[in-house]
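Values in this document were obtained by computation on a predicted structure and should not be read as measured data. By convention in this document, chain letters (A, B, ...) are assigned in the order of the sequence lines, proteins followed by strands, and residues within each chain are numbered from 1.
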Amino acid sequence: MAPPCKVLMVAEKPSIALSIASVLSHGQMSTRRGVTEVHEFDIMFLGFHAHCRVTSVIGHVFSVDFPASYQDWTATDPLNLFQAPILKTESNPKAHIQRHLSQESRGCGYLVLWLDCDREGENICFEVIECTGFHVKEAKERVYRARFSSVTEKDILKAMDNLVEPNKDEALAVDARQEIDLKVGVAFTRFQTSYFQGKYGNLDSRVISYGPCQTPTLGFCVQRYLQITTFKQEKFWTVHPYIIKNGYDLQLEWERQMLFDLNVATMFQKLVMEDGLLEVIDISEKQESKGRPCGLNTVNLLKVASSALGFGPQVAMQLAERLYTQGFISYPRTESTAYPSSFDFKVTLNEQISNPLWGDHVQRLLVEGYQKPRMGTDAGDHPPITPMQSATEDMLAKDAWRLYQYVCQHFIASISPDCKFVRKKVQFKVGGECFHCVGQHVTLEGFTSIMPWLAVNEKRLPQFTIGEKIEVSNVELYEGNTEPPDYLTESELISLMEKNGIGTDASIPVHINNICERNYVQVQSGRKLVPTALGIALIRGYQYIDPDLCLPEIRSFIEHQITLVAKGQADHVRVVQHVLQQFKNKYSYFVKQIENMDVLFEAQFSTLADSGRVFSKCGKCLRYLKYISARPSRLYCGTCEEVYYLPQKGTIKLFKELTCPLDNFELLIISMPGPEGKSFPLCPYCYNSPPFEGIDTLFGGTQSGSSVKPGKGAGMPCSLCPHPTCRHSLVTQGVCACPECSGTLVLDPVSAPKWRLNCNKCNCFVMLPQGAHRIATTQERCSECDSAIIQVDFNKKTTPLEDGATLYVGCILCDELLHSLVEVKHGKSFFKGLGTRGRGRGTRRGGFRGRELPSGKRIDPKMSFRDF
DNA sequence: GCAAGGTC
């Protein structure tokens, strides 16, 4: 008999893979760990006996970016990005999802795609197909798409019986969106950032970003701010008659509400006073009801978390995710507010029956019957967020408990009766004017007893009869001021974003966080979003130059265009080209008009010339450079009008008054934070424009100590410099190969008295004899291993040498005395892995890079710290 | 150093 055929099934996340496998195997599966879990079992598939493997990706496998040649900000005109090629690279290379899929698909004859049923899911389908290699097999007969409307047994089995083809058009729509977002966002961001950071010293944001989601999000906040600042306060007047009836002291409301003219208002007040007798002209009673909430989805949870619990969206999601993984609530990322028909309310209610706060209410619901939940919308993803296991306050941290409590309250409320109340309105006439008062009487608290903050206020009225006349006790002429709106709350912003289709439930928190991190807005008390000078200048600038750039319609425009692709009504390539051409035009116009935004910056920020403090000498003009500490920290020469970027981590000091022999700039010392942080010298000029051709590739591209790469080959500190004679270069200060990486251990010039060598590439370092007066490299080489011979001037009191001698010269690897006095640090895997790490290390060890530059000779691979 | 979208 032929071996059973094998089927690979892939879900979007591990939790769904587990659900699907549990349903299809009836719980009879074996599970093994992998990059993501793999569940295996036998089933009937297309009428055959088959062995089934169910695993998952973790969201998108790939993301798009520009090729390396476009990564250099100074060498690439952002305008060229619009036509640049793009690459798909693994989103999280460390997760090895691609390898995982490729391995698991081996030997499988069929692929079933269980990705979420939205456009992104459809796109991930094709990412998975790519990784598994099914595209080269007869894809149509071998690759199937399972379309499920919820993760329930019923829907999973139904999807299994109705397998379809994956939808290429929908996937291409996502490709289109990715390319458009990348090109537009990156082009504008690079241009703005370079332009403004090249001019101003106190922008306090490392990057002046632009994006089709984040910018309209900021736009909402600034729009409200502008409404507030341009608000013109007006005085208004209103007439309030008072009556006393059956012990009630009532203030009546005027039908005209308010007037903006004092004379006219005073006239009405007089008319009322002169008449002095109110007549009841109408009494109406209406049954009103306040509806219970639908099921809870993510966006609504975030809104409540922000407005009622004071948690920002990101914090709220972190709390929710933890509650989910601990089994206290259901999956917290969902758009749906409709419960699936199979949802078991009794089981969920039963869990809450002994809760001290709402247990009684739950018990009543179970005994008297709970309400059918309101319709809500079913987005086809996960059910609404509901409590799972019961919890008590002492089981959870304070914030988690508050969020859990809300999820429970919301769930219970959603199947509790609506709140019912009677609204009574009594209308009066006096002096020809109409007034009224309103009473409310709650007949059924319903769900508001579990969500008391939504309760309807009880307002009682005395008995009135039509035609009844009542004496006016007093007529007040109230003077008020119109008030501007308040700053936008985070909760309002979330609503606006949702309404305008900006972001998704998962990305809304990210966009809000972005505009905070970029220092465009600040979250103030009550989670109000107050724009900063930077945020305001940006939006006002767009509004002046091209308002489209910050309007929410920019997102809907993109969405609309890619929907044409998704529906198969337009060609993917042509749509992308068309949209990019429009944005390219907008970009060119924006660049041409940037001075109109710049005037707003000029008014708020100080130019580089006026920023920073006098620091070190420029090698070109010999005047002082200014150190600008605002991120990105840099030096600025006012005379040459040049900017020199610096490493963004660590503190910076002058290195004595030493200068670089190549360009005459004064040298600086960068000290990394922390007790074990290393220090290294750099020349500001060389750091930004390495003097030796090919220096950036010489060291394998990764350089230590620099998190900023402003220009081509930038980020060269002295510890990477191949200068043959300078006292601070790699060549003269390098001692031997790093035991951990392909870097070189270089003497730290300011580490005395805790002398040390630092690797110029990784975090590894070596402690040298402590307390020595002086340690220096010499030009001598060890005859055995070719390390630099070092000279140690020991302290008289602590010298290990006989007869109190202090001077000693030797190789730290081969000389027994020195060897016994040094110690490798931060070599995490160094000691453990020695025996098994032989393969591949020899070649790296042989590459005593830097040291081989002047002499050009290869070095014996045994030279290293392996003998420690 | 850049976007927005998945998910952890």
Trainee: If each of Y324(A) and Y210(A) is mapped to the nucleotide of DNA chain B with the nearest heavy atom, which maps nearer the 5' terminus, i.e. the 5' end?
Mentor: Y210(A)
Trainee: Hey, does the side chain of R518(A) come within less than 4.0 Å of dA3(B)'s phosphate (OP1/OP2), counting only N and O?
Mentor: yes
Trainee: Over all strands shown, is N123(A) touching base, sugar-phosphate only, or nothing at heavy-atom distances under 4.0 angstrom?
Mentor: nothing
Trainee: Would you classify R555(A) as touching base, sugar-phosphate or nothing, given that sugar-phosphate means primed atoms plus P, OP1 and OP2, and contacts are heavy atoms under 4.0 Å?
Mentor: sugar-phosphate
Trainee: Between the side-chain atoms of Q71(A) and the base atoms of dC2(B), is any donor-acceptor pair under 3.5 Å?
Mentor: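 Answer yes: a donor N or O sits under 3.5 Å from an acceptor.
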Trainee: Name the nucleic acid region contacted by V61(A), choosing base, sugar-phosphate or nothing; use a 4.0 angstrom heavy-atom cut-off, strictly under.
Mentor: nothing
Trainee: Less than 4.0 Å between a side-chain N and a carboxylate O, is that true for E104(A) and R32(A)?
Mentor: yes
Trainee: Give the C-alpha distance, both sets of side-chain angles, the deciding distance and a yes or no for side-chain hydrogen bond (donor to acceptor under 3.5 Å, both in side chains) between Q214(A) and S209(A).
Mentor: CA-CA 9 Å; Q214(A) 58 173 272; S209(A) 57; 2.6 Å; yes
Trainee: Give the rounded distance in Å between these two atoms: CZ of F191(A) and C1' of dA3(B).
Mentor: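 Atom-to-atom, F191(A) to dA3(B), this comes out as 18 Å.
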Trainee: Any ion pair linking K168(A) and E122(A) (charged N to carboxylate O, less than 4.0 Å)?
Mentor: no
Trainee: Within this structure, what is the CZ-to-C1' distance between F66(A) and dC2(B), rounded to whole angstrom?
Mentor: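 Value for this atom pair: 9 Å.
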Trainee: Measure the distance from CG on L115(A) to P on dG6(B) and round it to the nearest whole Å.
Mentor: 13 Å
Trainee: Taking the minimum atom-to-atom distance to the side chain of E120(A), which one of dA4(B), dG5(B), dC2(B) wins?
Mentor: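 Nearest to the side chain of E120(A) among the choices is dG5(B).
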Trainee: Under 4.0 Å from OP1 or OP2 of dG5(B): is there any side-chain N or O of H511(A) that close?
Mentor: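 Result: yes.
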Trainee: If you look at every strand shown and take non-hydrogen atoms under 4.0 Å, does G503(A) touch a base, only sugar-phosphate, or nothing?
Mentor: sugar-phosphate
Trainee: Between dA4(B), dG1(B), dC2(B), which nucleotide has the shortest distance from any of its atoms to the side chain of R190(A)?
Mentor: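 Nearest listed nucleotide: dC2(B).
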Trainee: Of all the choices, dT7(B), dA4(B), dC2(B), which nucleotide is nearest to the side chain of D116(A) once you look at every atom?
Mentor: dT7(B)
Trainee: Is D598(A) salt-bridged to K199(A), going by a charged N under 4.0 Å from an acidic O?
Mentor: yes
Trainee: Would you kindly give the CG-to-C1' distance between N92(A) and dG5(B), to the nearest whole Å?
Mentor: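 To the nearest whole Å, that distance equals 15 Å.
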Trainee: Considering just the side-chain nitrogens and oxygens of T504(A), establish if one lies under 4.0 Å of OP1 or OP2 belonging to dA4(B).
Mentor: no
Trainee: Is NZ or CZ of K183(A) both nearer than 6.0 Å to the six-membered ring centre of F583(A) and within 45° of the ring axis?
Mentor: no
Trainee: Please give, in whole Å, the distance from dG1(B) P to L646(A) CG?
Mentor: 15 Å
Trainee: Round to a whole Å and report the spacing from CG of L580(A) to C1' of dA3(B).
Mentor: 13 Å
Trainee: Just to confirm, is there a sub-4.0 Å distance from OP1 or OP2 of dG6(B) to any side-chain nitrogen or oxygen of R333(A)?
Mentor: no
Trainee: Starting at CD of Q648(A) and ending at P of dC2(B), how long is that distance when rounded to a whole Å?
Mentor: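 Between P of dC2(B) and CD of Q648(A): 12 Å.
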Trainee: Take atom CZ of F188(A) and atom C1' of dC2(B), then tell me their distance rounded to the nearest Å.
Mentor: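 After rounding, the gap between these two atoms is 13 Å.
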Trainee: Looking at the base of dG1(B), is there any donor atom on it, or on the side chain of Q197(A), that sits under 3.5 Å from an acceptor on the other one?
Mentor: yes
Trainee: Please work out if P78(A) contacts a base, only the sugar-phosphate, or nothing of the nucleic acid, heavy-atom cut-off 4.0 Å.
Mentor: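 The answer is nothing, as P78(A) stays clear of every strand by at least 4.0 Å.
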Trainee: What do you reckon, is CZ of R33(A) surrounded by more than 12 foreign heavy atoms closer than 6.0 Å?
Mentor: no
Trainee: Looking at dT7(B), dA3(B), dG5(B), which one has an atom nearest to any side-chain atom of T189(A)?
Mentor: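 The answer is dA3(B).
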Trainee: Side-chain N or O of Q214(A) versus OP1/OP2 of dA3(B): is the shortest distance under 4.0 Å?
Mentor: yes
Trainee: Ignoring the backbone of S209(A), work out which of dC2(B), dG6(B), dC8(B) is nearest its side chain.
Mentor: dC2(B)
Trainee: By nearest heavy atom, map P216(A) and I58(A) onto DNA chain B; which one lands nearer the 5' end?
Mentor: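 Taking each residue's closest nucleotide, the earlier one in sequence belongs to P216(A).
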Trainee: Respond yes when some side-chain nitrogen or oxygen of Y331(A) is under 4.0 Å from OP1 or OP2 of dC8(B), and no when none is.
Mentor: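 True: Y331(A) side-chain N/O within range (under 4.0 Å) of dC8(B) OP1/OP2.
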Trainee: So that I can tick it off, tell me whether K586(A) and D548(A) are bridged by a salt bridge, with the cut-off set at under 4.0 angstrom between side-chain N and carboxylate O.
Mentor: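 Yes, this pair counts.
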